[in-house]
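On a predicted model such as this, the values are computed, not experimentally measured, just so you know.
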Amino acid sequence: MPVENNRNRLLELLRAYSLRWPNERMVDLLIGFVQQQPDCFERTCFKDGHVTGSAWIVCPNRHRVLLTHHRKLQKWLQLGGHSDGDANTLNVAQREAEEESGLRVKPIHDAVFDIDIHTIPARGEDPEHKHYDVRFLFEADDRAPLTISSESNDLTWISLKNLSTVTSEESILRMARKTPHR
């Protein structure tokens with residue numbers, strides 16, 4: 001699908017998200033960014049930042065979530081990464097999740113699960129910039145073997161009830177609160 005079709009699809013998904021979560025004001029900033037920045041899916045778009053895709057991966061009973069201890073940021077986070085020109089953020093999130101975990105993950109639905117806009121510190125030749133992160137809900141078998149990528153120090157399944165023992169990141173805790181239970 002051409003970039004503009006995927007851009008328009010993402011805008012539709014973000015508008016639907018804003019109706020489900022009307023108190024989350026970041027979505028308006030994200031919509032404006034995607035509408036106004038022609039290169040928003042390119043990693044090299046540093047002036048304003050760029051769109052990333054993330055996966056909130058839960059086990060089949062939805063009591064545990066897979067987190068990565070991110071090598072560069074030294075934090076426990078959801079899996080995900082750069083669009084690298086791919087304007088289909090659901091595909092980006094799935095690709096990144098599978099590359100970073102070695103698991104087969106399947107989307108629970110194609111609706112946007114969560115969004116976050118956060119600043120990434122300068123590193124090497126990359127200046128400080130923003131990630132406009134679009135997050136989707138995935139499911140994977142928590143008994144399958146994990147493969148730790150070069151981007152991670154570790155991967156672990158953690159109970160949603162115990163999540164606050166490894167992170168105080170509000171965006172992670174917010175996703176835990178949004179996780180539908182079975």
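Within the model, atoms CE of M175 and CG of D116 stand 7.5 Å from one another, a figure rounded to the nearest 0.5 Å. Going from atom CG of N6 over to atom CG of N88 covers 4.5 Å, rounded to the nearest 0.5 Å. With rounding to the nearest 0.5 Å, the separation of CG in D154 from CD1 in I148 is 4.5 Å. Note that the CZ atom of R177 and the CD1 atom of I172 stand 11.5 Å from one another [nearest 0.5 Å]. The structure places OG1 of T52 at 11.0 Å from CG of D84, a figure rounded to the nearest 0.5 Å. For the atom pair H69 NE2 and L155 CG, the distance stands at 11.5 Å (nearest 0.5 Å).
Note on L90 and V105: same hydrophobic cluster, where clusters join Ile, Leu, Val, Met, Phe, Trp and Tyr whose side-chain heavy atoms are under 4.5 Å apart, directly or indirectly. There is a path of hydrophobic side-chain contacts, each under 4.5 Å, that joins L173 to F113. The cluster map of Ile, Leu, Val, Met, Phe, Trp and Tyr, joined by side-chain heavy atoms under 4.5 Å apart, puts F138 and L79 in the same cluster. Side-chain heavy atoms closer than 4.5 Å link hydrophobic residues (I, L, V, M, F, W, Y) into clusters, and following such links, even through other members, never connects L73 to F46. A single hydrophobic cluster is seen to contain both I117 and F33, as judged by linkage of ILVMFWY side chains at heavy-atom distances under 4.5 Å, directly or through other members.
Residues D114 and W21 have side chains not in contact (no heavy-atom distance under 4.5 Å, counting atoms from C-beta outward). Within the 4.5 Å cutoff, side-chain heavy atoms of T156 are placed close to those of W76. Proximity of K130 to H118: side-chain heavy atoms (C-beta onward) are nowhere separated by under 4.5 Å. In this structure, V92 and F136 have side chains that are not in contact, with every pair of non-hydrogen atoms separated by 4.5 Å or more. In this structure the side chain of S54 never reaches within 4.5 angstrom of the side chain of E96, judged on heavy atoms. Residues Y132 and V34 form no side-chain contact, since every pair of their non-hydrogen atoms from C-beta on lies 4.5 Å or further apart. Side chains of V112 and V27 form no contact here, defined as non-hydrogen atoms less than 4.5 Å apart. Using a 4.5 Å heavy-atom cutoff, the side chains of S149 and E99 are not in contact.
A salt bridge is defined here as a Lys NZ or Arg NE, NH1 or NH2 lying under 4.0 Å from an Asp or Glu carboxylate O, and R9 with E12 meets this definition.
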Self-check item: side-chain hydrogen bond (donor to acceptor under 3.5 Å, both in side chains) evaluation trace for D133 with Q78
Solution: CA-CA 11 Å; D133 198 29; Q78 78 284 349; 3.2 Å; yes
Self-check item: side chain to side chain contact (heavy atoms under 4.5 Å, CB included) assessment of H109 paired with L137
Solution: CA-CA 7 Å; H109 47 68; L137 184 60; 4.2 Å; yes
Quiz item: Taking it one step at a time, do I158 and L163 satisfy side chain to side chain contact (heavy atoms under 4.5 Å, CB included)?
Solution: CA-CA 7 Å; I158 186 159; L163 199 54; 3.6 Å; yes
Exercise. Starting from the C-alpha separation in whole Å, work towards a yes-or-no answer on side chain to side chain contact (heavy atoms under 4.5 Å, CB included) for L66 and L146.
Key: CA-CA 10 Å; L66 181 64; L146 298 170; 4.0 Å; yes
Practice problem: Could you walk me through whether D39 and T44 pass side chain to side chain contact (heavy atoms under 4.5 Å, CB included), step by step? | Solution: CA-CA 8 Å; D39 296 331; T44 55; over 6 Å; no
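The shortest non-hydrogen separation linking R15 to Q35 is NH2-NE2, 3.1 Å. Taking all atoms of both residues into account, the shortest heavy-atom contact from T89 to F41 is CG2-CE2, 4.3 Å. When all heavy atoms of A55 and A93 are compared, the closest pair comes out as CB-O, 3.9 Å. Across all their heavy atoms, A97 and I57 have their closest contact at CB-CD1, 3.7 Å. Nearest approach of N162 to T165, heavy atoms of both residues: O-OG1, 2.6 Å. Here the closest non-hydrogen pair linking P145 and L103 is O-CD2, 3.6 Å.
Between the R7 side chain and the P38 main chain, a donor and an acceptor come within less than 3.5 Å of each other. Within the 3.5 Å criterion, the main-chain N or O of V51 finds a donor-acceptor partner in the side chain of S83. In this structure, R174 contributes its side chain and I115 its backbone to a donor-acceptor pair below 3.5 Å. When atom types are taken as modelled, the side chain of E100 and the backbone of G80 share a donor-acceptor pair closer than 3.5 angstrom.
Atom CZ of R143 has 12 or fewer neighbouring heavy atoms from other residues, nucleotides or ligands inside a 6.0 Å radius. Atom CZ of R71 is surrounded by more than 12 heavy atoms from other residues, nucleotides or ligands within 6.0 Å.
W56 does not carry K178 over the face of its six-membered ring by the limits of under 6.0 Å from the centre and within 45° of the normal.
Partner of H50 under the side-chain hydrogen bond (donor to acceptor under 3.5 Å, both in side chains) criterion, out of E42, R43, H82: H82 alone.
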What side-chain donor-acceptor pairs closer than 3.5 Å can you find for residues 120-129, not counting sequence neighbours?
| residue | atom | partner | partner atom | Å |
| --- | --- | --- | --- | --- |
| H129 | ND1 | P127 | O | 2.8 |
| H129 | NE2 | H131 | NE2 | 3.3 |

